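Notes to accompany the following structure.
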Amino acid sequence: MISLLLLSCKTEKKSFTSFDQYPSPTEENLWLNYTKEFSDFKLWSPTADEVLLNLYDNGTDGLPIARYELTRFREGVWSTRVLGDLHGTYYTFQILIDGEWSEETPGIYAQAVGVNGERAMVLDLKSTDPNGWESDQSPILRHPNEAIIYELHIRDMTIHSQSGSSLPGKYLGLVEEGTKGPEGLTTGIDHLKELGITHVHLLPTFDHYSIDETKLDSAQFNWGYDPQNYNVPEGSFASDPYRAEVRIKEFKQMVKSLHDQGIGVILDVVYNHTGRTAESNFNQEVPGYYYRQWEDGSLADAAACGNETASERPMMRKFILESVAYWTREYHLDGFRFDLMGIHDIDLMNEVSKKVKEVNPNAFVYGEGWTAKDSPYPADKRALKKNTVQMPQITAFSDDLRDGLKGSVFEDSSTGFVSGGEDMEESIKFGIVGAIAHPQVAYQEVNYSDAPWTNNPWQTISYVSCHDNHTLYDKLKVSRKDAGEREIIAMAKLANAIVLTSQGTPFLHAGVEMLRTKNGEHNSYNLPDSINQIDWYRKKQYSEVFDYHKNLIALRKAHPAFRMSTGELVRSNLEFQKTEDSFISYLMETNGTQDPWKKILVAYNARTTPVNYRLDGRWQVAVIGDTFDFDGSAIATGSISVPAISMLVCFQK
């Protein structure tokens with residue numbers, strides 16, 4: 001069956017000796033074009049001999065109900081137009097190259113897929129919009145360090161037997177209101193609202209390979225860093241993974257429910273590699289093109305997952321840029337976290353930020369400024385942490401502060417500032433100022449960086465723990481086996497006290513506010529719920545830790561001096577007062593910040609004994625030990641005793 005053609009012109013297949021010779025129709029719209037009268041299908045495959053479109057009446061089995069040949073009409077683009085209303089019809093492509101047919105693929109631009117992502121579906125996306133979607137609003141954000149990011153995995157938040165959720169492990173379970181855990185404490189979205197975070201960071205929630213969506217009653221878990229279909233939500237979090245429209249509707253409802261509570265939504269994206277290589281959708285369409293190779297032709301693997309994508313090639317760049325714009329526009333997202341961002345090139349990341357902000361000016365982009373292994377792409381062109389100064393709208397994770405606080409994530413016995421490590425003070429100061437140039441930071445003594453790598457403080461993600469490696473609690477336990485529980489608790493609180501009073505963009509690992517544990521496991525990407533779930537009993541058990549984090553967040557929100565917008569403001573306002581072994585203090589003027597306090601004094605005491613700290617003038621005490629009093633009813637003059645392993649905050653009006 002031959003379809004009507006979009007254009008009458010037809011070109012012949014050309015021979016190429018390198019990927020650089022492939023045509024690059026970067027202005028071509030390769031997304032499905034659906035109308036009630038017809039649907040246009042396109043696919044870019046410059047080396048193909050034939051391309052077929054198969055139509056199905058479901059997303060799982062059965063023979064095609066129709067088959068159409070696509071026609072090559074321009075720069076390697078194949079197309080066909082099918083008449084009639086195809087809404088709800090599933091489809092795949094097949095490509096013939098050098099006499100061999102590819103496996104069926106939904107196409108890299110698929111926007112809706114059936115169970116396990118094997119067949120795409122023609123869908124009127126408007127039909128998936130929840131009530132009020134047109135009036136949905138993102139949180140307003142002038143600078144990223146106004147955000148307080150909470151990194152979570154959708155399943156982890158509600159799968160525990162005491163989560164109180166009627167939809168455990170699902171998109172709608174995360175945003176179910178009124179759920180209660182042990183002793184009636186809030187869980188789910190009510191917990192997030194009570195804690196006070198501003199943005200959730202969702203671990204990869206696009207369609208990935210690892211979970212068999214036909215066997216959701218069996219024990220399965222994965223973080224999701226094995227991409228399959230980049231432009232479709234993961235089906236295992238939906239109430240029905242078989243119906244392609246359901247996961248889309250429920251993802252949008254989740255976003256809207258979070259927005260209704262003033263919480264932004266950031267998606268963890270993994271454009272740096274594909275979950276499979278030879279069998280990937282990319283490789284089925286244009287073998288080899290989307291991946292980097294070494295000079296001998298072997299696959300590069302900077303992701304340590306079998307391959308790395310070639311962001312510098314025009315059609316890969318086109319795909320990434322259009323994909324982030326699509327997610328921002330169609331799903332109202334508020335930002336992206338780029339996995340192993342250092343695999344991508346600097347120019348791409350600058351374009352990504354521009355593209356995202358064109359759709360949502362309040363959105364922001366951040367990522368890991370490193371690679372897992374070496375890459376053939378030149379280091380000076382990679383989006384590495386040290387090159388952040390060349391990416392003025394991009395934010396990067398600060399492993400300097402992370403490991404300065406608790407010790408190296410790669411060595412169990414390594415300790416940091418809060419846990420008794422030596423010579424960590426300059427790394428902490430570097431983190432406090434947000435990795436900018438500051439005259440009082442001795443860069444040669446910073447653990448990983450010998451120079452500033454940001455222009456402005458919000459370009460650094462301040463954090464001490466995330467999904468990778470040990471949880472903060474487990475790391476402190478394994479590195480300080482001699483320390484008692486009370487001391488471990490004090491270390492954990494001080495670590496995030498420093499994170500939330502530093503000038504960078506603060507980032508919390510879900511559950512850190514209740515001393516989350518994974519029973520000592522450092523890489524839980526495919527481990528069972530018993531390891532990965534948020535244990536809601538711990539919210540009651542460690543209520544003091546939860547309250548401490550809640551108060552820290554309230555402090556940061558109330559005082560813009562802790563989130564200055566420019567490097568110049570930090571340099572002119574923040575002056576370190578005392579730097580000694582396991583003790584740091586600094587004084588902040590609040591000029592240009594609109595902070596209600598005129599001066600703020602902050603001290604971090606990581607020693608196991610109190611420190612008698614000399615004061616000049618009269619100060620009101622806002623934070624001392626576990627006590628928070630934003631009115632500053634206690635007055636200190638002359639000196640003040642800073643308790644062991646704790647933070648002090650004083651102010652003058």
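Here, residue 1 is the first one in the sequence, and each next residue gets the next number. Owing to the predicted nature of the structure, the values given are computational and were not obtained by experimental measurement.
Note on Glu250 versus Arg243: no salt bridge recorded, every NZ/NE/NH1/NH2 to OD/OE distance being 4.0 Å or above. Under 4.0 Å is where a charged nitrogen must lie from a carboxylate oxygen, and between Arg142 and Glu146 at least one such pair does. For the pair Lys539 and Glu183, the salt-bridge criterion is not met [side-chain N within less than 4.0 Å of a carboxylate O]. Salt-bridge annotation for Asp240 and Arg247: absent, with no side-chain N of the basic residue lying under 4.0 Å from a carboxylate O of the acidic one. The pair Lys252-Asp136 does not meet the salt-bridge criterion, since no charged nitrogen lies less than 4.0 angstrom from a carboxylate oxygen.
Residue Tyr525 qualifies as open at atom OH: its count of foreign heavy atoms under 6.0 Å is 12 or below. Taking a 6.0 Å sphere around NZ of Lys599, one finds it holds 12 or fewer heavy atoms contributed by other residues, nucleotides or ligands. The environment of NE2 in His143 is crowded: more than 12 heavy-atom neighbours from other residues, nucleotides or ligands sit within 6.0 Å. Taking a 6.0 Å sphere around NZ of Lys357, one finds it holds more than 12 heavy atoms contributed by other residues, nucleotides or ligands. The number of heavy-atom neighbours closer than 6.0 Å to CD of Gln594, taken from other residues, nucleotides and ligands shown, is 12 or below. Annotation for Gln137: atom CD does not count as buried by contact number, only 12 or fewer foreign heavy atoms lying within 6.0 Å.
In this model, a donor atom of one side chain and an acceptor atom of the other lie less than 3.5 Å apart for Asn116 and Asp212. With 3.5 Å as the limit, one finds no donor-acceptor pair spanning the side chains of Lys249 and Thr128. Remark: the Asn360 side chain and the Thr328 side chain contain no N/O donor-acceptor pair separated by less than 3.5 Å.
Atom CG in Leu203 sits 12.5 Å away from atom CD in Glu234 (nearest 0.5 Å). Once rounded to the nearest 0.5 Å, the distance linking OH of Tyr225 with NE2 of His467 reads 3.0 Å. The CD1 atom of Ile197 sits 12.5 Å away from the CD atom of Glu151 when rounded to the nearest 0.5 Å. Expressed to the nearest 0.5 Å, how far CG of Leu185 lies from NE2 of His191 amounts to 10.0 Å.
Taking all atoms of both residues into account, the shortest heavy-atom contact from Leu527 to Asn532 is O-ND2, 2.9 Å. Nearest heavy-atom pair, Ile148 versus Thr198, reported as atom, atom and distance to 0.1 Å: N-OG1, 2.7 Å. Shown here for Ala495 and Leu472, the closest heavy-atom pair between the two residues is CB-CD2, 4.1 Å.
Evaluation of the salt bridge (Lys or Arg N to Asp or Glu O under 4.0 Å) rule for Glu521 yields no partner, not counting sequence neighbours. Under the rule for a side chain to side chain donor-acceptor pair (under 3.5 Å), Thr627 has no partner lying at least two apart in sequence or in another chain.
The shortest distance between side-chain heavy atoms of Ser257 and Gln253 falls below 4.5 Å. With a 4.5 Å cut-off on side-chain heavy atoms, Thr454 and Gln503 do not count as touching. Looking at Phe562 and Asn145, their side chains never come closer than 4.5 Å, going by heavy atoms from C-beta outward.
Put simply, the side chain of Gln162 never gets that close to the backbone of Asp535: no donor and acceptor are under 3.5 Å apart. A donor-acceptor pair under 3.5 Å is absent between the side-chain atoms of Thr158 and the main chain of Leu174, judged by distance alone. The backbone N or O of Ser210 lies less than 3.5 Å from a partner atom in the side chain of Asp226, making a donor-acceptor pair. Between the side chain of Ser502 and the backbone N or O of Ser462 there is no donor-acceptor pair closer than 3.5 Å. Between the side chain of Lys493 and the backbone N or O of Glu544, no donor-acceptor pair lies under 3.5 Å. Formation of a donor-acceptor pair under 3.5 Å by the Asp124 side chain with backbone atoms of Lys126 is found in this model. Judged by distance alone, the side chain of Glu368 and the main-chain N or O of Leu340 form a donor-acceptor pair under 3.5 Å. Judged purely by atom type and a 3.5 angstrom limit, Glu176 uses its side chain to pair as donor or acceptor with the backbone of Ser166. Using modelled atom types, no side-chain atom of Asp474 and backbone atom of Thr517 make a donor-acceptor pair closer than 3.5 Å. With hydrogens and angles disregarded, no donor-acceptor distance shorter than 3.5 Å links the side chain of His160 to the backbone of Asp156.
Between Phe651 and His559, a ring centre-to-centre spacing not shorter than 6.0 Å is recorded. Between Trp597 and Phe630, the ring center distance fails the sub-6.0 Å criterion. For His549 and Tyr542, the ring centers sit 6.0 Å or farther from each other. Ring centroids of Phe417 and Tyr604 are separated by 6.0 Å or more, keeping the two rings apart.
Among Tyr150, Phe338, Phe507, the single residue meeting the ring-ring contact (aromatic ring centres under 6.0 Å, His included) criterion with His201 is Phe507.
By the 30° and 60° cut-offs, the orientation of the rings of His332 relative to Trp133 is parallel. Aromatic ring pairs are classed by plane angle as parallel below 30°, tilted from 30° to 60° and perpendicular above 60°; the pair Tyr230 and Tyr271 is parallel. Using a 30° and 60° split on the angle between ring planes, Tyr548 and Phe628 fall in the perpendicular class, above 60°. The aromatic rings of Tyr34 and His87 sit tilted relative to each other, their planes meeting at an angle between 30° and 60°.
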Chi angles and distances behind the side-chain contact (heavy atoms from CB on, under 4.5 Å) call for His470, Asn523
CA-CA 7 Å; His470 287 112; Asn523 187 13; over 6 Å; no

side-chain contact (heavy atoms from CB on, under 4.5 Å), that's the test. Do Asp400 and Thr460 meet it? Break it down for me. CA-CA 10 Å; Asp400 307 274; Thr460 178; over 6 Å; no

